[in-house]
Amino acid sequence: EITGASLSSNQITLPAGTYFVSARAPAFMVNAHKIFLYNTTDSSNTLIGSSSYADSTYQSANDSVLFGRFTISAQKVFELKHDVGTSRSGNGLGVETNLSGAVEVYAEVLIWKVS
């Protein structure tokens with residue numbers, strides 16, 4: 001709904017403006033983990049998510065969450081990145097549910113243009 005914004009190949013393009021972002025991404029048995037809203041245009045982190053810990057011994061899972069506001073003066077491209085302390089192939093970035101044949105959702109990013 002943001003004029004000039006797009007999503008392609010897991011990259012979010014935003015036009016100049018001020019934005020509020022809310023995002024979350026799960027992790028399973030990876031120990032320490034954290035998400036970032038990464039500005040690929042400028043090669044820098046725009047927003048940094050919460051520090052979380054999904055213990056690899058006790059099969060725990062939880063989300064890293066991110067909230068924040070930022071302003072860009074020109075069009076930029078962003079990605080949601082997720083860093084983990086211990087790599088876990090297959091389901092480290094979320095365990096599938098296989099419920100009701102519904103699509104699996106592993107990360108969500110909500111963006112509002114506020115000015």
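Computed over heavy atoms, backbone and side chain alike; hydrogens, waters and symmetry mates excluded.
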TODO: Check side-chain hydrogen bond (donor to acceptor under 3.5 Å, both in side chains) between E96 and all other residues, then give those that pass, not counting sequence neighbours.
DONE: N98
Task: Euclidean distance, N39 CG relative to E79 CD, rounded to 0.5 Å - done: 10.0 Å
- [ ] State, to 0.1 Å, how close A16 and A74 come at their nearest heavy-atom pair, and which atoms those are.
- [x] CB-N, 3.8 Å
Open item on the list: Test: salt bridge (Lys or Arg N to Asp or Glu O under 4.0 Å). Region: residues 30-50. Which pairs qualify, not counting sequence neighbours?
Closed with: D42-K76
Task: Considering all heavy atoms, the nearest H33-A54 contact - done: CD2-N, 4.0 Å
Task: Listed once per pair and sorted, the salt bridge (Lys or Arg N to Asp or Glu O under 4.0 Å) pairs that draw on residues 5-20, sequence neighbours left out - done: none
TODO: Please write out which residues are connected to F20 in a hydrophobic cluster, directly or through intermediates, given that two of Ile, Leu, Val, Met, Phe, Trp, Tyr count as joined at side-chain heavy-atom separations below 4.5 angstrom.
DONE: V65, F67, L110, W112, V114
TODO: Identify the two heavy atoms, one from H82 and one from P26, that lie closest to each other, and give their separation to 0.1 Å.
DONE: CE1-O, 3.2 Å
Task: Fellow cluster residues of I2, listed by chain then number, with links counted only when side-chain atoms sit under 4.5 Å apart - done: L7, I12, L14, Y19, V21, I35, L37, L47, L66, F70, I72, F78, L80, V109, I111
Task: Main-chain N/O of S50 paired to S64 side chain as donor or acceptor, under 3.5 Å - done: yes
Open item on the list: Taking transitive links into account, so neighbours of neighbours count too, which hydrophobic residues share a cluster with M29 at under 4.5 Å side-chain distance?
Closed with: F28, V95
Task: Qualifying residues under side chain to side chain contact (heavy atoms under 4.5 Å, CB included), relative to Q75, sequence neighbours excluded - done: T13
TODO: Just jot down the side-chain hydrogen bond (donor to acceptor under 3.5 Å, both in side chains) partners of Y106, sequence neighbours excluded, or say none.
DONE: none
TODO: With sequence neighbours excluded, tell me which residues meet side chain to side chain contact (heavy atoms under 4.5 Å, CB included) with D83.
DONE: F36
- [ ] Could you tell me whether the side chain of N62 and the main chain of S52 form a donor-acceptor pair under 3.5 Å?
- [x] no
Task: Donor-acceptor under 3.5 Å (D55 side chain, Y58 main chain) - done: yes
Open item on the list: Test: salt bridge (Lys or Arg N to Asp or Glu O under 4.0 Å). Region: residues 6-15. Which pairs qualify, not counting sequence neighbours?
Closed with: none
TODO: May I have all residue pairs that pass salt bridge (Lys or Arg N to Asp or Glu O under 4.0 Å) and include part of residues 103-114, sequence neighbours excluded?
DONE: R24-E108
Task: For T71, all residues meeting side-chain hydrogen bond (donor to acceptor under 3.5 Å, both in side chains), sequence neighbours excluded - done: T18
Open item on the list: The test is side chain to side chain donor-acceptor pair (under 3.5 Å); show your working for N31 and T86 and say whether it passes.
Closed with: CA-CA 6 Å; N31 294 322; T86 303; 2.9 Å; yes
